[in-house]
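The structure presented is a predicted model; accordingly, all values stated were derived computationally and were not measured. Reckoned from all heavy atoms, side chains included, excluding hydrogens, waters and symmetry mates.
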Amino acid sequence: MRQNNMLAMILAGGRGTRLYALTKKIAKPAVYFGGKYRIIDFPLSNCANSNINVVGVLTQYESVLLNSYAAAGQRWGLDAKDSGVYVLPPREKDGAEFDVYRGTADAITQNIDFIDNQDPEYVLVLSGDHIYKMDYSKMLSFHKSCNADATIAVLPVPMKEASRFGIMNTDDTGRIIEFEEKPEEPKSNLASMGIYIFNWKLLRKMLVADMDDPNSNHDFGKDIIPAMLNSEKRLFAYQFKGYWKDVGTVDSLWEANMDLLSSKNELNLNDPNWKIYTEDVATVPHFVGPEAKVNNAYINQGCLINGEINNSVLFTNVKVFEKAQVNDSVLMPNVEVGEGAIINRAIVAEGVSIAAGAVVGSADSESIELVSKNVRGE
């Protein structure tokens, strides 16, 4: 079937409500990140780099743009023979014109026929809204070496933050003996990343049993994983030690963009050995004018810079006019910053215009300003 006999299923149907206006018209995995990317570029590129040739992308809310974007498998080299990216929205059933995925497990259940047609030995289940680089083939090797029924990727977090996560408690061999969802007094600091490898034959049986359970949430964390533990299946924790970020809030999205500018940047988008693939936007090169000042910034294609940029990420076709200042901010595609305007600690959404002389955000604010509408001048 494929080099490692593993198929990937990316759960990309989340609403992303905590990103407010950024997800009003598009799904969270389609949100911009890092100057030229969308969030879903990361799991898709990880799959391509890990030699996973068939990927299902399970979409749901505000999915029109995401569907067309993900379906272009050539961006990730997933358009050759016996490979591809397949967009999988909820299925019609029970006479309803449209249906929904009732939970993360139900999303896989509704696509059992698709997975059966691919005939994999293993299924990799991923979230479509995290920023990280990971070689899934190494996780699969670990899974095989443990003779596991399921393997869950975990990230060591500070013990004081462990109560915010689903925590995996393990024995000395790494076998998971207990799962606690956001425990008040955590016993370990191994937080679930929502990345799972399952033996498909076993998972299929459990999904079918779960499907008609009226008391089930049809969710991996709430139902499938506990059921596996209760039936004494072999579950193991795979410890990931690289960069990983859940960009589910405005502040966390801003932080992840700012991380790219750090001298200790762990993500390293310039690594030629692990490229993050994305849409190739055809536009003119960026231009930095003679009076411009740029300090520690990502400046992308089509940008016109005549003002001052400090510690910021600018997406495609951003224009910053004379005497304007952009500080510690993220400017999404086609933003215009008028003459003398000042932006501090903000995310400015696609296509927004900041008028001449306007002031947005504050250098002293603890929270990040999200600007989704045009701003008039003073």
Side-chain angles (χ1 to χ4, degrees), residues 4-11 42-43 46-47 50 52 103-105 108 120-127 129-207 209-210 216-246 248 266:
N4 50 27
N5 205 27
M6 182 163 72
L7 173 147
M9 300 290 276
I10 301 178
L11 302 171
F42 289 81
N46 288 339
C47 287
S50 301
I52 298 171
T104 55
I108 304 300
E121 186 173 354
Y122 309 100
V123 170
L124 171 68
V125 179
L126 306 170
S127 170
D129 50 15
H130 297 152
I131 302 295
Y132 65 108
K133 295 194 298 186
M134 183 176 182
D135 188 344
Y136 303 129
S137 66
K138 292 182 178 180
M139 183 175 171
L140 179 59
S141 295
F142 174 86
H143 177 86
K144 292 178 179 179
S145 69
C146 295
N147 191 28
D149 295 310
T151 297
I152 300 172
V154 297
L155 184 75
V157 298
M159 202 67 186
K160 63 181 180 181
E161 297 180 13
S163 59
R164 296 170 42 211
F165 299 92
I167 297 297
M168 300 293 165
N169 300 322
T170 65
D171 63 17
D172 293 340
T173 69
R175 183 168 178 172
I176 299 169
I177 56 176
E178 184 181 23
F179 169 66
E180 295 182 289
E181 180 65 27
K182 298 181 179 179
E184 292 185 9
E185 298 182 3
K187 300 172 186 175
S188 83
N189 67 335
L190 298 180
S192 171
M193 298 170 64
I195 298 172
Y196 314 105
I197 291 177
F198 296 99
N199 296 342
W200 173 237
K201 289 182 179 179
L202 172 62
L203 177 62
R204 192 186 192 284
K205 291 178 181 178
M206 301 202 71
L207 291 173
D210 176 79
S216 176
N217 296 285
H218 311 293
D219 182 86
F220 281 110
K222 295 178 181 178
D223 304 289
I224 302 299
I225 300 302
M228 284 188 162
L229 288 172
N230 290 337
S231 58
E232 298 185 350
K233 302 302 181 185
R234 292 177 59 83
L235 277 67
F236 283 80
Y238 175 76
Q239 289 200 37
F240 177 71
K241 297 181 181 179
Y243 182 93
W244 179 87
K245 194 90 169 182
D246 181 350
E266 297 179 80

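Listed by first and then second residue, the side chain to side chain donor-acceptor pair (under 3.5 Å) pairs involving residues 158-170 are Glu161-Arg164, Asn169-Glu178, Asn169-Glu180, Asn169-Ser188 (not counting sequence neighbours). Applying the salt bridge (charged side-chain N to carboxylate O under 4.0 Å, His left out) test to pairs two or more places apart or on separate chains, those with a residue in residues 228-245 are Lys245-Glu255.
Considering only heavy atoms from C-beta on, Leu7 stays 4.5 Å or farther from Trp200 through its side chain. Looking at Met9 and Leu126, their side chains never come closer than 4.5 Å, going by heavy atoms from C-beta outward. Trp244 has its side chain within reach of Met193: a pair of non-hydrogen atoms, C-beta onward, lies under 4.5 Å apart. Side-chain contact between Met139 and Thr151 is present, with at least one heavy-atom pair separated by less than 4.5 Å. Taking the side chain as every heavy atom from C-beta outward, Leu229 and Ile176 approach each other to under 4.5 Å.
Closest heavy-atom contact between Ala105 and Leu207: O-CD2, 3.7 Å. Contact record, Phe240 with Leu155: O-CD1, 3.1 Å, taken as the closest heavy-atom pair. In terms of heavy-atom proximity, Pro156 sits nearest to Val154 at CD-O, 4.1 Å. Of all non-hydrogen atoms in Asn46 and Tyr132, the two that sit nearest each other are ND2-O, 3.3 Å.
By the side-chain contact (heavy atoms from CB on, under 4.5 Å) test, Ala162 pairs with Val157, Ile167, Pro186, sequence neighbours left out. For Asp171, the side-chain contact (heavy atoms from CB on, under 4.5 Å) partners two or more places apart in sequence, or in a different chain, are Thr173, Arg175, Ile177. Every side-chain contact (heavy atoms from CB on, under 4.5 Å) that Asp135 has, sequence neighbours left out, goes to Ser50, Ser137, Lys138, Trp274. Take Asp149 and apply the side chain to side chain donor-acceptor pair (under 3.5 Å) test, not counting sequence neighbours, and it matches no residue. Scored by the side chain to side chain donor-acceptor pair (under 3.5 Å) test, Tyr196 finds no partners at all (sequence neighbours excluded). Among residues two or more places apart in sequence or in another chain, the side-chain contact (heavy atoms from CB on, under 4.5 Å) test is passed with Asp219 by Thr104, Asn217, Lys222, Asp223. In this structure, the side chain to side chain donor-acceptor pair (under 3.5 Å) partners of Asp210, at least two apart in sequence or on a different chain, are Ser216, His218. Shown here are the side chain to side chain donor-acceptor pair (under 3.5 Å) partners of Ser192, two or more places apart in sequence or in another chain: there are none. Phe142 pairs by the ring-ring contact (aromatic ring centres under 6.0 Å, His included) definition with Tyr238, not counting sequence neighbours.
The distance from atom CE of Met228 to atom CG of Leu235, rounded to the nearest 0.5 Å, is 6.0 Å. Separating the CE atom in Met6 from the CG atom in Leu124 is a distance of 4.5 Å, to the nearest 0.5 Å. Separation of atoms NZ (Lys133) and CD (Glu266) is listed at 10.5 Å; rounding is to 0.5 Å. Note that the NZ atom of Lys187 and the CE atom of Met159 stand 10.5 Å from one another [nearest 0.5 Å]. Rounded to the nearest 0.5 Å, atoms CD1 (Ile152) and CZ (Phe220) are 10.5 Å apart.
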Go through Phe165 and Leu190 one step at a time and tell me if the side chain to side chain contact (heavy atoms under 4.5 Å, CB included) criterion holds. CA-CA 9 Å; Phe165 299 92; Leu190 298 180; over 6 Å; no
How far apart are the C-alpha atoms of Leu140 and Ile197, what are their side-chain angles, what is the distance that settles it, and do they pass the side chain to side chain contact (heavy atoms under 4.5 Å, CB included) test? CA-CA 7 Å; Leu140 179 59; Ile197 291 177; 4.1 Å; yes
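For the pairing with His143, the ring pair (Phe, Tyr, Trp, His ring centres under 6.0 Å) check across Phe236, Tyr122, Tyr136 returns one residue only, Tyr122.
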